[in-house]
Structures are given as C-alpha cells and as structure tokens.
Colleague: 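Starting off with a structure, shown below.
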Number of protein chains: 2
Amino acid sequence: MQKNHVRKWRQGNMDQIQKNLLAEIAGLHEVPAGAYNFRVNGAAAGRNTTSNIDIVTKTDKPGIDIIIKPGTKNESVHIPVVLSQTGLDDLVYNDFYVGEGSDVLIVAGCGIHNGGDKKSSHDGIHTFHIGKNARVRYVEKHYGEGDGNGLRIMNPTTVVDIDENGYMEMETTQIKGIDSTDRITKGRLGDGAVFIVKEKIMTHGKQYAKTSFEVELNGKGSSTNVISRSVAKNDSTQVFYAKIDGNNECAGHSECDAIIMDNASVKAIPEITANSVEASLIHEAAIGKIAGEQLIKLMTLGLTEAEAEEQIVNGFLK
Amino acid sequence: MQKNHVRKWRQGNMDQIQKNLLAEIAGLHEVPAGAYNFRVNGAAAGRNTTSNIDIVTKTDKPGIDIIIKPGTKNESVHIPVVLSQTGLDDLVYNDFYVGEGSDVLIVAGCGIHNGGDKKSSHDGIHTFHIGKNARVRYVEKHYGEGDGNGLRIMNPTTVVDIDENGYMEMETTQIKGIDSTDRITKGRLGDGAVFIVKEKIMTHGKQYAKTSFEVELNGKGSSTNVISRSVAKNDSTQVFYAKIDGNNECAGHSECDAIIMDNASVKAIPEITANSVEASLIHEAAIGKIAGEQLIKLMTLGLTEAEAEEQIVNGFLK
C-alpha cells in the first residue's frame, strides 16, 4: 500500500487477513456501492465519491471530511479502518457534514489483527454535523483478532450535533478481541432532534471496556434513548456511564442491561439531570447472571451448560 | 436548661417553640414510654433508661452511647434534638449498640426553629452496630421553621453495620424548612443481613439537598432496597447519589422518583457495581413533572390547580 495515495479500491490490494477484518467489521465481501474510504495500516487505501457525497482528505491532521449534499437520499458511505501491522498507533479525525433533509447510511468500524508482540491501537474521533430534518443511520463495529501477545486497543470518540428535527440512530458493537477500550459518545440536540443509541459489548479474558454517553437535550421537543447491552466474561471489567441532561421540554431514557459471568465485574453509573420542569427523564439498569431456569430449560433440550450459556448470550446481544 | 445536667424530662422544661418542634420531628406530645434522651440547644435536657436500654454520655466528644441488651424486644428509644437558639452550630455523635436478637424502634430527628439572622446547624453522626438476628426500625425526621433570615442547616450522617441475619429499616424524612442538607448514609452488610431505606424529601425556595447512599453487600445472601421519593419546588436543587456494591451472592435494588416543579433542578446518579457473578443489582430512576391528566382530573372535581398539585405531592410523599 502506498501512503497518501488515494484511488479506487480493488480487492486485489488487500491480503486475506485484511479482507477478513473487512468482512467482520463492515460485512463487506466486495466493493460497496456508493461512497467509501478505506484506511489500511494508517494510510488511505481506496476511495470513491458520488455526485452527492464528497470525501476530502484533511490537510491539518490525519483524517477526512465527508460532505453530504442537502437532500441526498438512500445513499451510503463506508469508511472502514483495518490494522494488520503490529505496533501501529493509528489516530484519525473524521468529520461528517450531513446536509439538510438527507437520509443516509454511514458504516464505520475498525478491525485489528495483531499477530505480533507490540500494542496496536486505533483512536477514531468522529464528529457529526447533522443538518435540519436530516436522518442518519450510523453503524459502527469494532473487532480484534490475532494470536500474538500484543494488545489491541480502540478508543472511539463520537460527537454528534443534531439540528432542528434531525435524527440519528447509532448502532455500535464490540463483540470480540479488543483488550482495552474507552468509548466516548456525546450528543447535543436541537429542537425536535432525536438521538437513538444501541450499544452491544462483550468482553472476555482480562479485557477492559469503559463506555460513556453524554447527551444534552437542549432543544424543545428533543429526545434520546440510550440502550446498552453487555456481557462480561472471565476476568474482564466493564464500566458504563450514561449522562443525560434535560435542559428543555424533552424526553430522555437510558437503559443498561448486563450479564455477568465467571469472575467478571460490571459497574453502571447513569446520571440524569432535569434542569427544566418540562424534562422527563428515566433510567434503568440491571446487572445479573444468566437465570438458572433459562439454563436448565435449554439443557433439558440436550445442550451442555456451555452451549446453553452461549445461546443465551447470543440471543441477548442479537 | 443546665448544661451537662441529665435528669428525667418534664414538659415544663420546654417552651412552646421547643414543644412544637418535638411534635413535628418525633410525634411527641408527652413523655414517651421507654428510653429517651433529649438534646435542646446543644445540651442534655432529659433522659430515661430502662433495664434493657442504657444511655451513656460520651466523655471524649459530644454525644451518647445507646446500649441495647441482647434479646431486648418491643422497646423503643427516642433521641430527638431541638434547636431554638439562633447562631448555634451543634455537632453530636451517637452510637447505637443493638444486642443480638433484639427487636427495637429507634426514633431520632432534629427540629430547628431559627427566628434570628444567624445560621443554625445540626450535624448528627449516627453509627449503628446491629448484632446477629437483631431487628431495628429507625425513624428519622428533619424539620425547620422560623421567620428569621438565618439559615437552617442539617447534615445527618448514618453509618450502619449489620451482622449476620440482622435487619434494619430506615425511614428518613425531610419535608420542610431545611435550607441546606448533605445527607450521607452508609451500610455494610454481613451474611443474610437486610437494609431497607425509605427516604422522602421536599425542597422549596432556594433550598439545596444532597443525599448519598452507599451500601456494601459483603455478606452471602445480603440484600438492600433503597427507595427515594422527592419533590423539588421553586428554585430548589436536589442531588441524589446511590451506590450499591455487590461483593457476594446478594440482591440490591435502588429507586429514585422525583417530581420537579417550577424552576427546580434534580439530578440522580445511581451506581451499581457487581463484583460477584452471584450479585443481582437493579436501579431505576425517573424525574418528571406532575402528569397533566392527573391535574385535570382533580381540577374537574373542583380543585384549583394549586390545590390539585398539593394533593398529588402529598400523595406521592405519603
């Protein structure tokens, strides 16, 4: 791969490891339709723009600007990042400008294959500027693999500003292979804006996952729903923060459900603040192990205890 | 009142203001049956002990030790505190030793009448040592009044250690007249121990109320239920913390429901941590204004909006 060289992506440019990572994080087995930007081992590795969606390399720092014209509908942008080189610390700033009245799908995500002994890390700082009446579905997936001893670290930061009656739905998943993650998501909502977050996390081994949501309901009639489901296995540790500030007539709900297994530990610290008499805020959190009856039921059907647990966990995170 | 003079209490020793405070905080219109210790304006003002319940003045700091013999049943201890002198800062340490297998009612509480311009404050630090199989119902009420400009401040701290299969139910109420409060409650639970907390708070004017619960579920089969209901009126501010650590096979639940009115602000920060796979922890919190339909229903029955609000608030805090 040549550094800073931007061109149409061909599968032939990638090795098998990289192709696997891409399939895991973006479900991509071939070149996607629409706009895309691929980043491999810290360098640009392929890009496509459309007449409505432009992608421009930043000149002041690593990263890209994704500019979506007002009124763009039924288009998608894929911006996956793949790291297969051990010892690489990748930092990237991506800014999304979503024009008024657009309706788009954005797929991001990062896959790390670390076959070496050095730490590999990716810090992606994503900022969304969502115009009036625009709708965005944002899908983000983090995945790690590799049989080396090197750590795989990801610290995604997502900052979302939503204008009047804008809508963003964010699905973020980290199921496997990330040793340490500090995930920060911030939302600032204008009048009538809606921000939905669905997070799924699974940790195993000695992994550590910290996830923080901070949503400011500034606009009249704004609302948010933050839902986190997580499974903590082995000796892993999870910390969940969710902060919702109701500063206007607004509705906020956050929910954190965690399954704890083995010697894992899980902490949930939600925070709701009503600064307006018209704010209606709710939080729910529950942490517990898999219910015994559920296990027994599946074991009665012929599954081993491990298989039954596996099936329950998969269902919970589906 | 003579300082450090301990004797049987007679109503004649108190003036009308003090009697009113006593009625508000302890529901006492006459000398209670059983053990009691009255503290008025920073000095002892009456005491009674029984053959099972001893009360001893501390020699190293202000306060008393309340010693309840093992097996004491159906007895009560009243230890109200009354402040009617402006500018008094009263600090007191009360330690309760509740013997194994006891079953007692303990009524505490503090009333401040501040008719002057100086700050009056009471900091009560209560420590409970609850023996095996003992049961305690603990009722605590904080109340302020007086038409002076002097602030009325109360910072109650309650620390509860509960031995094997011990049980404590704590009802704590602060409905009126306290300008600033920082309430701290800590519980440490042994095997099979149970700690129930029911808190009711109402703030008005520019009042500030902070309340923190911290419960360590250390023992196998221990459980806690922390329930807070609050109403914030006018320009008042409330902050609610509840921290439950599940360190063993245990069950924890906390719930915070707040009604927000006028220009008030309410913050709820619960924290649940499962450090054991056998810990089952749940938190719920909701902040919102009085539902419009509820108001309309009562107004249809002939109530004014203010009367309807009053009735709903009273029902909520009952």
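Since the structure is predicted, the reported quantities are computational estimates derived from the model, not experimental observations. Protein chains get the first letters and strands the later ones, always in sequence-line order, with residue 1 at the start of each.
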Colleague: With a 4.5 Å limit on heavy-atom distance, are the side chains of B:His283 and A:His283 in contact?
Modeller: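 Contact flag for B:His283/A:His283 side chains = yes.
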Colleague: To the nearest 0.5 Å, how far apart are CD in B:Glu284 and CD in A:Glu255?
Modeller: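 With rounding to 0.5 Å, CD (B:Glu284) is 10.5 Å from CD (A:Glu255).
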Colleague: If you check every heavy atom in residues 265-280 of chain B against those of chain A, which residues fall under 4.5 Å?
Modeller: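 So the qualifying residues are B:Ser265, B:Val266, B:Lys267, B:Ala268, B:Ile269, B:Pro270, B:Glu271, B:Ile272, B:Thr273, B:Ala274, B:Asn275, B:Ser276, B:Val277, B:Glu278, B:Ala279, B:Ser280.
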